[in-house]
Q: 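Got a structure for you, questions after.
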Amino acid sequence: MVAASASIRRILVMTTILDSTLTAAQRSAVEHIDGPLLILAGPGSGKTRVVTHRIAYLTQQGVSPRQIVALTFTNKAADEMRHRVESLVTRAGEFHLSTFHRFCSRLLRRYASLVGLGEHFTIYDTDDSARALRHTLEKAGISNTTFSPRQIASEISRAKNNLVEADRYEPPNGLPLGTVVAEIYPLYQQQLLSASAVDFDDLLLHVAVLLRENPELRKTLDEEFKYVLIDEYQDTNFAQYAILRALSQDHPNLAATGDPDQSIFGWRGANIENILRFEEDFPAVRVVRLEQNYRSTKSILRVADKLIVHNLNRKHKELFTDNPEGNPVELTCYVDQREEANAIARHIVEEIDSGRRRAQDFGIFYRINALSRTLELALREHGVPYQLVRGLEFFQRKEIKDIIAYLQLINNPSDDVAFLRTLNTPRRGIGKKTLQCLTRHSEEHGISLLESARSAGMIGQIAKRSAVRVATFVAIIDELSEKAAAPLEELMGLVMSNSGYHESLAHSDNEEDLERLANIEELLTLAREFDAQHPEAACLEVFLEEIALVGDTDDWEEETDRATLMTLHAAKGLEFPVVFLIAAEEGLLPHERSREDPDQIEEERRLLFVGITRAQQELKISIARRRDFRGQRRLTIPSQFLMELPRDELRMADSEGLGGYDGDEEPDAGAIARKVAKRHEAASGEAPPLTTAAELGKGQPIGGSRPIAETFSIDSESFHVGMPVAHPKYGLGKIAALSGPAQRRTATVNFVTAGVRKFRLHESPLRPVGRKP
DNA sequence: ATTCGCAAAGTTTTT
DNA sequence: CTTTGCGAAT
């Protein structure tokens, strides 16, 4: 009976797993069992499909699901993978399938004591960590450095990502920030340990150290997790790399999937070298390239490819597709962001009204969140339903964090950050002075703040009145702690009432307070759902871990029929039939902070690559001539990346009507797009859409006979490498290099159509296109 | 101890 | 234009 059903299942599995829809390359990855495997998967190449099928295949070949670990970076990716594995295998629940951080968190709970943590350690989010750091700075008496806690935190984070422990930290040469960090990092780490807390980076750091310093344990775990799969390998940092290697020594069955061209988290410590180096790390590796794209049209894919080949630090990859040619990619220039947003909204409305598309078919991407505003406004005005994907909204709200802090303190009484947060929230009249006494007392006796608070009455410097108030607070926490095992919703309700938090909000006629109350209601609902999912009691810690490791980026709903607005970073891993990519302008994409560093420019280029390759059928890139940003009106310069796109593949358009360009202004985005559009028209004999007849007559073809630089005299100082320039004869280009002294300053220019040429700057009609006002 | 007001700063953010 | 944090005033 059992055998029969097993063999039936086996047949079913066989047919679904190795069905004929797999290509040869995909199949070779799926059927790979032992030994290292590297899947270099281009965008839309069916990577997830391959990974899930391989998991199924492994079990079908007799590997126990318990020995398989599949790691992703996002919950969304983990959920999707789980979903898809479940449709292939029956025992899907037994796999270790989670995000990297969650996997580490579980491991760490098992072995917490080995790294000096309590079993009930708290996971701090970025905000909590910042508070811990600030508290540490205060205790150390170096609160008035030139560096912000944020800067310090990010340097500590960088160190942790690179597996540099507190006692081994050395300031990178000449970095003034480093000296401060060298001093504060050990104290901060000590603070975390004594509070029995970890920050996000610690989850990785501790596990990596654990594996490094306990060879026996490492061996055990290597054995336990025989088959490790890691998704988005290009985004791993050094700590993650170390963990993966430690788990793949005796059983080097590490399967990594990734795409170096989609590495966009370098600024968070991700090291693209990890994937580029994989073949050296595991010489016996089997490399599978998935280069066929099943997502995008040919024309979209060509544009993506032409862009990404400009990256120098890159493995060549051939992208191709059997999909139809599709419409040309559009590049439109608008007068300002208002018009850009309105045009997009209008277009979406038209498409929906005509029945060609649904709202959910549209994705709108931008480089920074601040750009979403105008879009939202326009979409609302046009009645387009939309959803805005923005990480960490709900759980970062003050009131939510307040309530959570109570729960954290109940779960882990050593948690000083939670103590600090709750002590005087709501207002209990406990002030700075009292707090200082408590802090000093806990330092002197090596005990937690809550422990100190218990003996507040005995501490001389604390006034009677204050001591009573502190005692009241301790009593509240103690009372709540007795209910720690109660269902979450109940516990949370008790927190609300006993702490006086509810009262402090309920009796307010302040609208904001009422909203806060509503948010807390939502949290209670969440708790109720959680209770339902975890009928066994004592799930407080699980809940806390859940909300620490789940951002609410997951509130993006695939199901609902709404257009989606998000940053380019958030768009990774998703796809939309129609993609709008706005504000392809210098300073925004690439972002101005990336300008100096060529590596960062390459990352920005990859970011655009990721955006482009999200599009299935249509891609519309846009710029605005003028953009109001931070309250300032600025003329824009089109992104240097636009120069790298294949001109003859793009449909250029300029939305501007009559009389917009008065000739007095510096040449700007509008002028350029118009000119390029005109040039394109001349080349193809086809008028670009959206361009008025009047407009066509006005544009100045760059490659035309009339010089356009006669009135410009520009000193050589105003040129720099990477700058877009125009030449009356050769058209648009980009400065590839500069050399020579002022008088003989020479620029090497890479022209879009005319190749590479050199010029003496003060003799040539070469000029910058557009300039900041 | 709390509150109010002004100054300064302001990417991206899987966890 | 925002938001956020710190410092002075009540």
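Chain naming here is simple, since letters A, B, ... match the order of the sequence lines and numbering starts at 1 in each.
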Q: Ring centres within less than 5.5 Å and planes less than 30° apart: is that true of A:His101 and B:dT15 in this structure?
A: no
Q: Does A:Arg465 have more than 12 heavy atoms from other residues, nucleotides or ligands lying within 6.0 Å of its CZ?
A: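 Not buried by this count: 12 neighbours or fewer within 6.0 Å.
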Q: Could you check how far CZ of A:Phe200 sits from P of B:dT13, rounded to whole Å?
A: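 For the pair A:Phe200 CZ and B:dT13 P, the rounded distance is 15 Å.
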Q: Can a side chain N or O of A:Arg427 be found less than 4.0 Å away from OP1 or OP2 on B:dT3?
A: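 Looking at the OP1 and OP2 atoms of B:dT3, one of them is under 4.0 Å from a side-chain N or O of A:Arg427.
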Q: Both A:Gln600 and A:Gly429 contact DNA chain B. Taking the nearest nucleotide for each, which residue is further toward the 5' end?
A: A:Gly429
Q: Run the side chain to side chain contact (heavy atoms under 4.5 Å, CB included) check on A:Asp202 and A:Leu108 step by step: do they pass?
A: CA-CA 10 Å; A:Asp202 278 342; A:Leu108 208 51; over 6 Å; no
Q: Using a cut-off of less than 4.0 Å, is there contact between a side-chain N or O of A:Asn75 and OP1 or OP2 of B:dT15?
A: yes
Q: Would you check if the distance from the ring center of A:His591 to the ring center of A:Trp267 is below 6.0 Å?
A: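 Here the rings of A:Trp267 and A:His591 have centres that are no less than 6.0 Å from each other.
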Q: For A:Trp267 and B:dT13, do the ring centres fall under 5.5 Å apart while the planes stay under 30° apart?
A: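 Answer is no, no stack.
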Q: Check the distance between B:dT13's C1' and A:His591's NE2 and give it to me in whole angstrom.
A: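 The answer, rounded to whole Å, is 13 Å.
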Q: For A:Lys432, report the nucleic acid contact type (base, sugar-phosphate, nothing); a contact means any heavy atom under 4.0 Å.
A: sugar-phosphate
Q: Going by modelled atom types, is there a donor-acceptor pair between the base of B:dT15 and the side chain of A:Arg268 at under 3.5 Å?
A: yes
Q: Over how many whole Å does the gap from A:Asp235 atom CG to B:dT12 atom P extend?
A: 18 Å
Q: Pair A:Leu549, A:Asn75 - check side chain to side chain contact (heavy atoms under 4.5 Å, CB included), show working.
A: CA-CA 8 Å; A:Leu549 296 179; A:Asn75 291 295; 5.5 Å; no
Q: How many whole angstroms separate atom CE of A:Met81 from atom C1' of B:dT14?
A: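 These atoms are roughly 13 Å apart.
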Q: When the C1' atoms of B:dT11 and C:dC6 are compared, how many Å lie between them, rounded to an integer?
A: 24 Å
Q: Would you tell me if any nitrogen or oxygen in the side chain of A:Arg428 comes within less than 4.0 Å of OP1 or OP2 on B:dT2?
A: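 Answer is no, no contact under 4.0 Å.
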Q: Scan A:Phe100 against the nucleic acid and name what it touches under 4.0 Å (heavy atoms): base, sugar-phosphate only, or nothing.
A: nothing
Q: When syn is taken as a glycosidic angle within 90 degrees of 0, is B:dT12 syn or anti?
A: anti
Q: Between A:Ile430 and A:Glu603, who's closer to the 5' end of DNA chain B by nearest nucleotide?
A: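 It is A:Ile430 whose nearest nucleotide is closer to the 5' end.
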Q: Sticking with atom C1', work out how far B:dT12 lies from C:dG5, rounded to a whole angstrom.
A: 23 Å
Q: Whole angstroms only, please: what is the CG-P distance between A:Leu377 and C:dT2?
A: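 Taking CG of A:Leu377 and P of C:dT2, I get 11 Å after rounding.
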Q: Measuring to OP1 and OP2 of B:dT13, would you say a side-chain N or O of A:Thr567 lies under 4.0 angstrom away?
A: yes
Q: Roughly, in whole Å, what's the span from CD in A:Glu592 to P in B:dG10?
A: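 Roughly 10 Å, once rounded to whole Å.
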Q: Using a cut-off of 6.0 Å, state whether more than 12 heavy atoms not belonging to A:Arg110 lie near its atom CZ.
A: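 More than 12 heavy atoms, drawn from other residues, nucleotides or ligands, come within 6.0 Å of this atom.
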Q: Could you state the CZ-P distance from A:Arg373 to C:dT3, rounded to the nearest angstrom?
A: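 Whole-Å distance recorded here is 6 Å.
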Q: Salt bridge check, A:Arg84 against A:Glu80: does any charged N sit closer than 4.0 Å to a carboxylate O?
A: yes
Q: Can you tell me which nucleotide in B:dT2, B:dG10, B:dT14 comes closest to the side chain of A:Thr74?
A: B:dT14
Q: Round to a whole Å and report the spacing from CG of A:Leu549 to C1' of B:dT13.
A: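 It is 15 Å, rounded to the nearest whole Å.
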Q: So, does A:Asn369 get its side chain near the phosphate of B:dT13, meaning an N or O under 4.0 Å from OP1 or OP2?
A: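 Checking A:Asn369 against B:dT13: at least one side-chain N or O falls below 4.0 Å of OP1 or OP2.
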Q: OP1, OP2 of B:dT14 versus side-chain N and O of A:Asn237: anything below 4.0 Å?
A: no
Q: Which part of the nucleic acid, if any, lies within reach of A:Gln240 when heavy atoms closer than 4.0 Å are counted: base, sugar-phosphate only, or nothing?
A: nothing
